[in-house]
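Notes follow once the structure below has been shown.
As the structure is a prediction and not an experimental result, all values here were calculated from the model.
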Amino acid sequence: MPAPSPIAASTIAAQACRLLELSPISSFADDSEKALAFAEQYPLALAACLERGDWSFASVYVALPAAILGATDAADPRLPTVYEVPGDCLRLREVGDKWTRWRQDRSFLRASDPAPLAVRYTARIEDEASFPATFHDAVAAELARRLAGRWLQTANKVDRLDRLAEAEMKKALRTDARTASEERYDGGADQDDWADEARA
């Protein structure tokens, strides 16, 4: 994953430090134990939070051209067309339509449909400054939770951060949930709570 934006990431790290009751780090480039730990865990915390939801601010919709298999890669007759998964794809959300059969094999996407293939996915985000405030809070809480065992001395404080991280994630998911029309866009049967389920 690309290096985090220094300003935005340091803001998230500073908030995580407050949750851990620590003084903030000056930058990820420090060679202190704390800075190294934060630099190691920040990309993991960010990726984990992005994977948790179908976020509107990280959603990308593209039409993929067909790809060519490598010399040692075998074709799958059940899924005859092969595509390259976009390099910034963190998690696929939709592939083709409701009739499309597909499977991801590492960097390849095999599908029953001919090219071009419409896919929607959650992208890795480099510009952390574009995060909504609630997602910013969720990443900070997740980062603090991942580091709690190292710097917090009591199990009660660690448990509190676990609960806080889950609460901040749920808040962020609720805030981002209503960013599409009420009717389903995948052709399935209507349900009152489909938008919430899609973002779970």
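- Residue pairs that meet the side-chain hydrogen bond (donor to acceptor under 3.5 Å, both in side chains) test with at least one member in residues 151-164, sequence neighbours left out, are E21-K157.
- A salt bridge between E142 and R146 is present, with a side-chain N of the basic residue lying under 4.0 Å from a carboxylate O of the acidic one.
- Between V119 and W102, the closest side-chain pair of non-hydrogen atoms is not below 4.5 Å.
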Show, in sequence, the C-alpha distance, side-chain angles and deciding distance for W99 and D113, and conclude whether the side chain to side chain contact (heavy atoms under 4.5 Å, CB included) test is met.
CA-CA 9 Å; W99 308 112; D113 295 3; over 6 Å; no
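- Atom CG of L147 sits about 11.0 Å away from atom CG of L19, to the nearest 0.5 Å.
- Within the 4.5 Å cutoff, side-chain heavy atoms of C17 are placed close to those of F38.
- In this structure, I68 stands alone, with no Ile, Leu, Val, Met, Phe, Trp or Tyr side-chain heavy atom under 4.5 Å from its own, directly or through other members.
- Note that OH of Y61 and CD of E94 are 7.0 Å apart. Values are rounded to the nearest 0.5 Å.
- With sequence neighbours excluded, the residues that form a side chain to side chain contact (heavy atoms under 4.5 Å, CB included) with A39 are F28.
- Annotation: side chain of E84 is in contact with side chain of S107 (closest heavy-atom distance under 4.5 Å).
- Applying the side chain to side chain contact (heavy atoms under 4.5 Å, CB included) criterion to P132, with sequence neighbours excluded, gives F57, T134, F135.
- Residues L36 and Y42 are members of separate hydrophobic clusters, defined by side-chain heavy-atom contacts under 4.5 angstrom among Ile, Leu, Val, Met, Phe, Trp and Tyr.
- A138 approaches C49 most closely through the heavy-atom pair O-SG, 3.8 Å.
- Judged by distance alone, with hydrogens and angles left aside, the side-chain atoms of D176 form a donor-acceptor pair with the main-chain N or O of S56 at under 3.5 Å.
- Legend: residues meeting side chain to side chain contact (heavy atoms under 4.5 Å, CB included) with V85, ordered by chain and number and at least two apart, are C89, Q104, L109.
- Between R93 and T122, some side-chain heavy-atom pair lies under the 4.5 Å cut-off.
- Residues A111 and Y83 come closest through the heavy atom pair CB-CE1, 3.9 Å.
- In this view, R106 satisfies the salt bridge (charged side-chain N to carboxylate O under 4.0 Å, His left out) rule with no residue, not counting sequence neighbours.
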Please report the C-alpha distance between E166 and R52 in whole Å, then the side-chain angles of each, then the deciding distance to 0.1 Å, and finally whether the salt bridge (Lys or Arg N to Asp or Glu O under 4.0 Å) criterion is met.
CA-CA 11 Å; E166 287 302 315; R52 284 284 298 273; 3.5 Å; yes
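- Taken from OG1 in T100 to CG in L117, the straight-line distance is 6.5 Å, to the nearest 0.5 Å.
- Through direct or indirect side-chain contacts shorter than 4.5 Å among Ile, Leu, Val, Met, Phe, Trp and Tyr, V82 is connected to L69, F108.
- Each of Y121 and L50 belongs to its own hydrophobic cluster when Ile, Leu, Val, Met, Phe, Trp and Tyr are linked at side-chain heavy-atom distances under 4.5 angstrom.
- A66 is linked by a side chain to side chain contact (heavy atoms under 4.5 Å, CB included) to T81, A115, counting only residues two or more places apart in sequence or in another chain.
- Taking each heavy atom of R101 and L79 in turn, the nearest pair found is O-CD2, 3.4 Å.
- Atoms CZ and CG, on F131 and D137 in that order, are 12.0 Å from each other to the nearest 0.5 Å.
- The salt bridge (charged side-chain N to carboxylate O under 4.0 Å, His left out) search around E168 returns K171, not counting sequence neighbours.
- Note: L161 CG to L20 CG = 6.0 Å, rounded to the nearest 0.5 Å.
- A single hydrophobic cluster is seen to contain both I125 and L173, as judged by linkage of ILVMFWY side chains at heavy-atom distances under 4.5 Å, directly or through other members.
- The backbone N or O of V60 sits nowhere less than 3.5 Å from a side-chain atom of R120 that would complete a donor-acceptor pair.
- Sorted by first then second residue, the salt bridge (Lys or Arg N to Asp or Glu O under 4.0 Å) pairs that include residues 67-76, not counting sequence neighbours, are D76-R78, D76-R103.
- Sorted by first and then second residue, the salt bridge (Lys or Arg N to Asp or Glu O under 4.0 Å) pairs involving residues 32-50 (not counting sequence neighbours) are E33-R150.
- Judged as a salt bridge (charged side-chain N to carboxylate O under 4.0 Å, His left out), and not counting sequence neighbours, D88 has no contacts.
- If you chain together hydrophobic residues whose side chains sit under 4.5 Å apart, M169 and L90 fall into the same group.
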